[in-house]
Amino acid sequence: MNSQNHLPMIGVGPLIVIPQLLLTALGVVLSILGFLGFGKIDILKISFLIIGVIVIFFGIYMWFSANFKTKVDKYITENKLATTGTYGIVRNPIYSAFFLANFGTVLIASNWILFIIPILCWIYMTIFLKQTEEKWLLNLYGQEYIDYCKKVNRIIPWFTKN
């Protein structure tokens, strides 16, 4: 593989992350302004707050780990498939980090209507990744990428499959 034949450093990231952020922000603002007041879950507010903060911090940790511990940019420039560290528990830890931060924000908002947002974001990311980065990775890494996909989830972090 020549040095010009690798994934772009930023790629489709903004097209995946920005809509998630905007949709989550819109939902939370609508909830705060009372337009979705009938969906409030006051009885579980403290529990959702605690869980939401934990989920957000896990997302921040994943983002930090993917960028600075695993150093994904080095893998990209060296045309290597990152499969260790955070990439050992999820194939797209940077996108997953934003997904988790948005999900944590929805939990903190404590409005059951907003729970549709993470589902929509997951569907959007899945379709978008299948049509873009996954095709690029399959083209670049072939069977190595196929084997990796069999072991590691696309967006939701989980223990690797044997």
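Note that the structure is a prediction, hence the values are computed from the model and not measured. Values reported hereafter were calculated over all heavy atoms of this structure, with side chains retained and with hydrogens, waters and symmetry mates removed.
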Checklist outcome for this item: In this structure, CG of L44 is separated from CD1 of I50 (nearest 0.5 Å) by 11.0 Å
Checklist entry - With a cut-off of 6.0 Å (strictly less than), are more than 12 heavy atoms of other residues, nucleotides or ligands near CD1 of I43? => result no
Next on the checklist: If you compare all heavy atoms of L36 against all heavy atoms of G27, which two are closest, and at what distance to 0.1 Å?
Outcome noted: CD1-O, 3.9 Å
Next on the checklist: I'd like to know if the side chain of N139 reaches the main chain of K135, judged simply by a donor and an acceptor atom lying under 3.5 Å from each other, with no hydrogens or angles considered.
Outcome noted: no
Checklist entry - According to the side chain to side chain donor-acceptor pair (under 3.5 Å) rule, which pairs have a member within residues 103-120, sequence neighbours left out? => result S31-N111
Checklist entry - Hey, does K71 have a side-chain heavy atom less than 4.5 Å from the side chain of D73? => result yes
Checklist entry - Under the side chain to side chain contact (heavy atoms under 4.5 Å, CB included) test, which residues partner W136, sequence neighbours left out? => result L7, P8, V12, T132, E133
Checklist entry - Got a second to check how far N92's CG is from F98's CZ, nearest 0.5 Å? => result 13.0 Å
Checklist outcome for this item: For A66 and P93 the tightest heavy-atom approach is CB-CG, 3.7 Å
Checklist entry - Is there a chain of hydrophobic side chains (I, L, V, M, F, W, Y, each step under 4.5 Å between heavy atoms) that links I54 to I51? => result no
Next on the checklist: Among residues at least two apart in sequence or on other chains, which ones pass side chain to side chain contact (heavy atoms under 4.5 Å, CB included) with F68?
Outcome noted: W63, F64
Item to check | Straight-line distance of K74 NZ to I76 CD1, nearest 0.5 Å | outcome: 13.5 Å
Next on the checklist: Per the ring-ring contact (aromatic ring centres under 6.0 Å, His included) rule, what does the pair list look like for residues 113-134, sequence neighbours excluded?
Outcome noted: F48-F115, Y124-F128
Checklist entry - Has Y95 got more than 12 heavy atoms of other residues, nucleotides or ligands less than 6.0 Å from its OH? => result yes
Checklist entry - Does R154 reach the main-chain N or O of T126 with its side chain, forming a donor-acceptor pair under 3.5 Å? => result no
Checklist entry - If you measure from CG on N102 to CG on L120, what distance do you get to the nearest 0.5 Å? => result 12.0 Å
Checklist entry - Parallel under 30°, tilted from 30 to 60°, perpendicular over 60°: which one fits the rings of Y148 and Y145? => result tilted
Checklist entry - What's the verdict on side chain to side chain contact (heavy atoms under 4.5 Å, CB included) for I155 and L129, showing C-alpha distance, side-chain angles and the deciding distance? => result CA-CA 10 Å; I155 298 167; L129 287 169; 4.2 Å; yes
Item to check | Residues forming a side chain to side chain contact (heavy atoms under 4.5 Å, CB included) with S65, sequence neighbours excluded | outcome: Y61, K69, T70, T86
Checklist entry - In terms of hydrophobic clusters joined by side-chain contacts under 4.5 Å, are L49 and V106 together? => result no
Item to check | Within residues 46-58 or reaching into it, pairs that qualify as side chain to side chain donor-acceptor pair (under 3.5 Å) - sequence neighbours excluded | outcome: none
Checklist entry - So if you build clusters from Ile, Leu, Val, Met, Phe, Trp, Tyr with side-chain heavy-atom gaps below 4.5 Å, do I60 and I89 land together? => result no
Checklist outcome for this item: Residues A97 and G59: closest non-hydrogen pair is CB-O, 3.0 Å
Item to check | Common cluster, I32/F103, ILVMFWY with side-chain heavy-atom separation under 4.5 Å | outcome: yes
Next on the checklist: If I take atom CD1 from residue I16 and atom CD1 from residue I127, how far apart are they, to the nearest 0.5 angstrom?
Outcome noted: 11.5 Å
Next on the checklist: The test is side chain to side chain contact (heavy atoms under 4.5 Å, CB included); show your working for I156 and V90 and say whether it passes.
Outcome noted: CA-CA 6 Å; I156 307 298; V90 65; over 6 Å; no
Next on the checklist: Distance check, rounded to the nearest 0.5 Å: K45 atom NZ versus K40 atom NZ?
Outcome noted: 4.5 Å
Next on the checklist: Would Y87 and L81 count as a side chain to side chain contact (heavy atoms under 4.5 Å, CB included) here? Give the steps.
Outcome noted: CA-CA 9 Å; Y87 288 86; L81 182 62; over 6 Å; no
Next on the checklist: Grouping I, L, V, M, F, W and Y whenever their side-chain heavy atoms are under 4.5 Å apart, do I18 and L100 come out in a common cluster?
Outcome noted: no
